[in-house]
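All remarks here apply to the structure that follows.
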Amino acid sequence: MVGEIAAVLTGAVFAVAAVSKLSAMPNWLTQSGAFGVPKNIARLVPVVELAVGALAVARVGRRQVAWVAVALLVVFTALLTRELAQGRRPVCACFGSW
């Protein structure tokens with residue numbers, strides 16, 4: 001039960017993050033560029049987030065979706081950690097325009 005609730009909540013967070021990035025794509029591309037993310041990859045991030053979020057909420061492919069979500073969070077954390085370790089403080093682009 002707790003796992004199912006966590007999956008749905010995590011999926012919802014991924015979906016909200018994706019929609020906020022998609023609704024302000026130019027801002028998202030600028031913000032992600034500050035983290036060194038190439039634009040072609042930055043354009044894919046909200047699409048992947050939306051897919052992960054939708055699949056998690058729908059509880060489809062739960063184990064695989066969970067691993068993809070973990071991988072995304074590890075990459076996001078690594079990028080943020082790298083920036084902070086180098087003394088940079090770029091604008092957080094986690095939720096796009098929010």
Side-chain angles (χ1 to χ4, degrees):
M1 180 67 151
V2 172
E4 293 174 11
I5 293 170
V8 170
L9 290 175
T10 301
V13 169
F14 270 95
V16 168
V19 169
S20 69
K21 288 176 181 96
L22 289 168
S23 69
M25 185 59 77
N27 289 341
W28 159 243
L29 293 176
T30 300
Q31 292 170 338
S32 63
F35 282 93
V37 178
K39 285 188 179 185
N40 58 341
I41 293 175
R43 282 184 173 84
L44 292 176
V45 170
V47 174
V48 172
E49 285 180 330
L50 188 58
V52 168
L55 290 170
V57 169
R59 299 176 46 217
V60 174
R62 293 185 313 182
R63 187 173 302 240
Q64 295 85 351
V65 171
W67 281 112
V68 172
V70 167
L72 286 171
L73 292 171
V74 167
V75 170
F76 297 158
T77 301
L79 287 172
L80 182 58
T81 301
R82 183 193 69 194
E83 293 301 306
L84 294 174
Q86 293 176 353
R88 293 192 290 255
R89 302 282 190 265
V91 174
C92 177
C94 301
F95 289 94
S97 60
W98 290 344

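Side-chain atoms are counted along with the backbone in the values below, which use heavy atoms only and exclude waters and symmetry mates.
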Following the transitive rule for hydrophobic clusters with a side-chain heavy-atom cut-off under 4.5 Å over Ile, Leu, Val, Met, Phe, Trp and Tyr, establish whether [X] and [Y] coincide in one cluster.
X     : Y     : value
Phe35 : Leu84 : yes
Val68 : Val74 : no
Leu80 : Ile41 : yes
Leu73 : Val48 : yes

Inset, instruction - Return yes if some donor-acceptor pair links the side-chain N/O of Arg59 with the main-chain N/O of Val8 below 3.5 Å, else return no. - result: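 No; zero donor-acceptor contacts below 3.5 Å.
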Legend entry - Sidechain-backbone polar pair: Thr10 side chain, Ala7 backbone, donor-acceptor under 3.5 Å: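 No; judged by distance alone, with no hydrogens or angles, the pair does not exist.
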Do you know the tightest heavy-atom contact between [X] and [Y]?
X     : Y     : value
Val57 : Ala12 : CG2-N, 3.7 Å
Ala42 : Ser32 : CB-OG, 3.2 Å
Phe14 : Leu72 : CE2-CD1, 3.7 Å
Met25 : Arg43 : CE-O, 4.4 Å

Legend entry - Pairwise distance CD(Gln64) to CG(Leu55) - rounded to 0.5 angstrom: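 Here the rounded value is 10.0 Å.
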Legend entry - Ser20 OG to Trp28 CH2 distance, which is reported to the nearest 0.5 Å: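 Atom-to-atom, Ser20:OG and Trp28:CH2 are 9.0 Å apart.
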Inset, instruction - For residues Leu50 and Leu22, determine if any side-chain heavy atom of one lies less than 4.5 Å from a side-chain heavy atom of the other. - result: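 Yes, side chains in contact.
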Inset, instruction - Check whether any side-chain heavy atom of Pro26 sits under 4.5 Å from a side-chain heavy atom of Leu29, and report yes or no. - result: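 Pro26 vs Leu29: side chains apart.
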Legend entry - Under-4.0 Å salt bridge between Glu49 and Lys21: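 Salt bridge between Glu49 and Lys21, a charged N being under 4.0 Å from a carboxylate O: yes.
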